[in-house]
Amino acid sequence: MNRTFPVKLLLSAALAVVPLIVSPGCASSAHGSTGGSPETASPPPAAEAKPAEQKSAEVQPTADDARQFAVRVNEDLKRLWTRQSTAEWIKATYITDDTERNAALVNEEVMGYLNQAIKQAASFKGVQGLDADTSRMLHLLRVSSALPAPSDAQKRAELAGIAAKLEGLYGKGKYCGKDGKGQCRDLGELSDVMAKSRNYDALLDAWTGWHAVSQPMRPLYQRLVEVSNEGAQEIGFQDLGSLWRSNYDMPPEAFEKEAQRLWGQVKPLYDELHCYVRARLARQYGEDKVPAGKAIPAHLLGNMWAQEWNNIYGLVEPYKGQPSLDVDAELKRQNYDAIRMVKAGETFFTSLGLKPLPETFWQRSQFTKPRDRDVVCHASAWDVTYDNDLRIKMCIKSTEEDLVTIHHELGHNYYYTYYYKLPVLFQQGAHDGFHEAIGDAITLSITPGYLKQVGLLKEVPQGDKGLINLQMKDAMEKVAFLPFGLLVDQWRWEVFSGRVKPEDYNKSWWTLREKYQGVRAPVERSEADFDPGAKYHVPANVPYTRYFLARILQFQFHRALCQSAGYKGPLHECSVYGNKEAGKRLQAMLEMGASKPWPDALEAMTGQREMDASAILDYFAPLRRWLQEQNKGQKCGW
Ligand code: X8Z
Ligand code: ZN
C-alpha cells in the first residue's frame, strides 16, 4: 500500500494553501453545511507549488509527515473558515449583490484549498504507524465540505456563485399575490398564515405563493448537482450523496440502512398520529377535502412544509376543558421580547452548571429581523472565528415555536463553546445529528412544571387527560417531523446519484412526501415547479438527515441526562433543570467534539454505542396507547 509521493510538494503546498469555504449552516461549524458557506480555499498557486515539486525527491511519507500535514491543515482551515464564515455572516445578515459576490469569492478560495488538501491527504493512505488523531483528521478533512468543487477554476467559481445565488433567492423570496400586484409577504408572514388561518383557501394561497419562489432555482440547482458531483468524484466519492453519507463513521451503504432501521422503529407511532390527525382535519375541512385512507393535503398542517404540526394543536386537542397549554398567549401577555426569550434559554443551560454566553454573543447576534434590508431569517448558530465568537441569527417572534428554536440554537452554541479549543477539524459534533440534538434534548426538560415556575403557564395539567393533551402537543412537533426529516435527503441522495433526473425533480419529491409523510400536494404540480427548493436546506445545501437523527437522539440524550440526575420516574415527566450532574455528563460529551468516532461520544453520554429509538417510544408510550384506542375502526394509512 505504501506509495511514494513528493513530501516537499505536499508540505509546501500546505503552507501556501489558501482558505477553504465552509458554510456556517444552520448550526454546526460553518464548513459542515453548505455550499454557500464555508467551503473552499484556493489551491496553492502553481508558481509556488512548482519549484517545490522540482526540488523534491520521491520519498516515502512517514507518520510524522502526516501529523505535520494535519497540524498545518488545521491552521490553514482555521484562517480560511474564519474568513469564510465572516463573509457568510455578512451576507446572511445583509443580502445584496455585493455581499453575495464577496461570499462567493471566499467560498471559491476555500473550495480550491480543500480540493488540493484532500488530494494531498490521500497520499498518506496506508502509511504505517499513523496515530488515531491524525488519521481521524485526515478522514474528517475528506468529508468536511458539503459542497466540494472540482479542481477546474472556472467550475469552482461557477459553483460558488450558484450556491450564493440559491440561498439569496430563498432569503429574498416574497409573494405579492396571484397577479404580482398585491402586498408582498415574506416567508415569516406567509408562515403566520399557515400557523393561524383555518381558511382552506387562504392557506392554499399562502402555500402556493411561497412555492412559486423556488421555481427559478431549478436550473441553478440542476447545475449545482452536476458540478458538485464532479467535485465529490475528484476526491474519490461516487457522488455527493455518498460523500454526505460517509460522515457517520461507517460505510455509506451501512448508514443508509441505519437510517431505515431507525425509521422502521418509529413509523408505527407516526402512522397512529397521522390517522388521528387526518380524522380531526376531516371534521374541520370536510371529508371531501380530507378523505379517509388518502394522504393529507400539505397545506392544512400548520406549517409550510407540513414538517411540524404543533400549530394546529387546537384542532386536535384530545380533551377540552383542561388547563391551557398556550405558551404563545403568555409570552405576548407578558411582553416577552427577543432578548428576554434568549436570556430564558441561557438560564436553562447555566442552571446545569454550564457557563454563561460571552458578552460578545449579546453584542453580535441578530435577534430580530432588521426593517431596512433582506436577511436570511432561517435560524442559525455560529462561531464565526472558531474561537468562541458565538452568535445566533434569527428573526425572533414572541411565540413558543421561536422559544423552542432559541433553545435549539443555543444547543449549537454550547457545543461550540465547549469544543472551540480543539483543532478546527475536531470542532464539530460527534456527528451532525448530535449537534442538532443538544438544544432539543434540553427542551425536553421544559415541562409544564418548569413553565409554571418561570410564569409561562398558569396551571400544570393534571391526571390522564392532562397528560394526553400534553403528549399530543409534543408529538405534533416531535413525532410529526420524523418522516420529513428523513425524506429530504432521500430525495437529494437520489438526485445526486442520478437515479432521479432533472425532468422528474418535482414528481419524485412528491412521491417521497406521500410515501413517508402521507401528505400530498394540495394542487396539481408540474415540472415547472421546484418544490424542494421551497425548503431552506435545499437551496442552502445543508444536509438534512441530521435532523431525523437528532429527533431520535434527543430522547436518548434526555433519558441519559435524567438517569445521571438520579431520576427514576416516567421519562415524559423528567426535567433536569438545575441539575449539575446532568450538566457534567452533557459537558463531557460536548468537549469531545468530533475527536472520537460518534459511538464513543454516545457512550460517554448514554452508556450506549448505538442510536436507539426506544427512548422516544418510551416517552410517547401513553399517547400511543391512547391513539390506538381512538383509531379503532378508522381506515388508517394512505
Ligand atoms: O434548520 C433548523 C434549525 C437550524 S439548524 C432552525 N431546523 C430544521 C428546520 O427548520 O427545518 C430545526 C428543526 C429542523
Ligand atoms: Zn440546528
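Order of listing sets the numbers, starting from 1, for every ligand and every atom in it.
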Among Val225, Val538, Asp489, Leu240, exactly one meets side chain to side chain contact (heavy atoms under 4.5 Å, CB included) together with Val495. Which residue is that? Val225
For Glu436, the atoms of ligand 1 under 4.0 Å from one of its heavy atoms are 5 (S)
Please confirm whether Tyr544 approaches ligand 1 to less than 4.0 Å, judged on its heavy atoms. yes
Determine whether Ile339 and Asp337 make a side-chain contact, defined as any pair of heavy atoms from C-beta on separated by less than 4.5 Å. yes
Sidechain N-carboxylate O distance under 4.0 Å for Arg261, Glu256: no
Ring geometry between Phe348 and His407 (parallel below 30°, tilted from 30 to 60°, perpendicular above 60°): perpendicular
Which atom, counting only N, O or S, brings Glu436 closest to the Zn ion (ligand 2)? OE1
Parallel, tilted or perpendicular: rings of Phe367 and Phe361 (30°, 60°): perpendicular
With a cut-off of 4.0 Å, which atoms of ligand 1 are near a heavy atom of Ala379? 4 (C), 6 (C)
Numbered atoms and elements of ligand 1 in range of Glu409, under 4.0 angstrom, heavy atoms: 3 (C), 4 (C), 6 (C)
Output the list of atoms in ligand 1 that are nearer than 4.0 Å to some heavy atom of Gln307, sorted by atom number. 9 (C), 10 (O), 11 (O)
I need the minimum non-hydrogen distance between Ala338 and Thr368, along with the two atoms involved. CB-CG2, 3.6 Å
Looking only at distance, does His378 have an N or O less than 3.5 Å from an N or O of ligand 1? yes
Please determine which of Trp510, Trp509, Trp305, Trp210 meets the side-chain hydrogen bond (donor to acceptor under 3.5 Å, both in side chains) test together with Asp531. Trp510
Heavy-atom nearest pair, Ala437 first then Leu553, reads CB-CB, 4.1 Å
Using a 4.0 Å cut-off to any heavy atom of Lys535, which atoms of ligand 1 qualify? 9 (C), 10 (O), 11 (O)
Taking the N/O/S atoms of His412 one by one, which is nearest to the Zn ion (ligand 2)? NE2
So if I count the atoms of ligand 1 from 1 in the order they appear, which ones are less than 4.0 Å from some heavy atom of Arg551? 13 (C)
If we number the atoms of ligand 1 from 1 as shown, the ones under 4.0 Å from a heavy atom of His412 are 5 (S)
Any idea which N/O/S atom from His408 gets closest to the Zn ion (ligand 2)? NE2
